[in-house]
Amino acid sequence: MTILSAGFYCREDTVQIAKELIGKVIITEFNGLLTSARIVETEAYKAPEDKACHAYLNRKTKRTKTMFLPGGVAYIYLCYGIHHLFNVVTGPEGAAHAVLIRAVEPLAGQEIMLRRRGLDKLKPQLSAGPGVMSKALGIEKAYDAISLTEPKGLIRIADAPVLPFSEIIAGPRVGIDYAEECVDWPWRFYQRDCPWVSKIRKKKS
DNA sequence: ATAATGATTCGCT
DNA sequence: GCGAATCATTATG
């Protein structure tokens with residue numbers, strides 16, 4: 001099992017990386033509890049031109065500074081005061097690019113994930129959604145900016161064959177209605193016919 | 001359908 | 001510094 005190296009993340013084309021991340025495997029190991037899950041849904045965010053990106057126009061703040069790091073580290077932040085969202089920083093140092101992981105398919109340590117979520121049965125609700133999949137894997141914002149490329153790291157991502165083109169679907173990103181002309185950019189990728197992909201949420205009336 | 005929830009940011013001073 | 005508005009969501013009825 002090969003861990004993806006910095007070379008994979010540091011490329012300039014974040015959208016391409018987001019696409020290639022589908023099918024890769026996230027492994028977390030906190031407190032000796034090992035869990036892993038297959039990525040089935042991602043979104044690309046790319047400053048400065050992307051209005052939906054926190055670092056739009058390269059705004060550098062305490063929160064977004066992680067995104068300016070070289071590719072291969074985690075960017076984790078709190079959303080709606082409740083949910084920890086997990087991103088992978090991409091691109092060279094100084095480029096605020098990142099890929100949001102939105103949904104995963106549980107592999108190893110399913111009992112651990114169920115316990116963390118307070119569920120007793122394996123169903124998409126366990127990890128189909130950016131907030132809940134972080135919770136299932138035990139990811140918290142305290143792990144912001146840690147490396148993903150260390151073989152012994154708390155969080156790492158294992159390589160896997162790239163899915164056939166026909167299995168990957170591109171669409172507009174979710175939950176960024178405020179981003180005006182950027183809302184329709186097809187920067188969301190997910191695996192076709194996969195029950196672990198998050199459901200498209202209906203917009204407010 | 002909507003309440004819950006808190007870090008972050010922005011516009012003041 | 002301070003306070004208000006904002007938000008890449010989820011769970012529940």
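Just so it is clear: chains get the letters A, B, ... in the order the sequence lines come, proteins before strands, and each one is counted from 1.
Taking only side-chain atoms of A/Leu78, from C-beta outward, the nucleotide of B/dA7, C/dC7, C/dT10 with the closest atom is B/dA7. For A/Pro130, the side-chain atoms get nearest to C/dT9 when compared with the rest of B/dA7, C/dT9, B/dT9. For A/His83, the side-chain atoms get nearest to C/dT10 when compared with the rest of B/dA7, C/dT10, B/dC10. The listed nucleotides are B/dC10, B/dT8, C/dA11; the one nearest the side chain of A/Arg63 is B/dT8.
Distance alone, capped at 3.5 Å, places no donor-acceptor pair between the A/Ser134 side chain and the A/Ile139 backbone.
Taking atom CD1 of A/Ile76 as the reference point, atom P of C/dT9 lies 16 Å away to the nearest angstrom. Taking atom CD1 on A/Ile82 and atom P on C/dT6, their separation rounds to 18 Å, with Å as the unit. Rounding to whole angstrom units, OH of residue A/Tyr56 and C1' of B/dC10 are separated by 16 Å. Spacing between atom CZ of A/Arg59 and atom C1' of C/dC7 amounts to 12 Å, rounded to whole angstrom units. Following rounding to the nearest Å, A/His54 (NE2) and B/dA7 (C1') show an atom-to-atom distance of 11 Å. Between the CD1 atom of A/Ile176 and the P atom of C/dT6 there is a distance of 18 Å, rounded to whole Å. As a whole-Å value, the separation of A/Leu85 CG from B/dT8 P is 14 Å. What separates NZ of A/Lys62 from C1' of B/dG6 is a distance of 15 Å, to the nearest Å.
Between A/His54 and A/Tyr77, the ring-plane angle classifies as perpendicular under the 30° and 60° cut-offs.
No contact: A/Arg173 has no heavy atom under 4.0 Å from any strand. Here A/Arg188 lies out of heavy-atom contact (under 4.0 Å) with every strand.
Between A/Val174 and A/Arg117, the residue anchored closer to the 5' end of DNA chain C is A/Val174, taking for each the nucleotide with the nearest heavy atom.
Pairing partner, C/dG3: B/dC10, with both Watson-Crick or wobble hydrogen-bond distances short of 3.5 Å.
Considering only heavy atoms from C-beta on, A/Asp50 comes within 4.5 Å of A/Arg173 through its side chain.
Because its NZ or CZ atom is both nearer than 6.0 Å to the ring centre of A/Phe8 and within 45° of the ring axis, A/Arg11 counts as a cation-pi partner of that residue.
The structure places CZ of A/Arg115 at 6.5 Å from CG of A/Leu33, a figure rounded to the nearest 0.5 Å.
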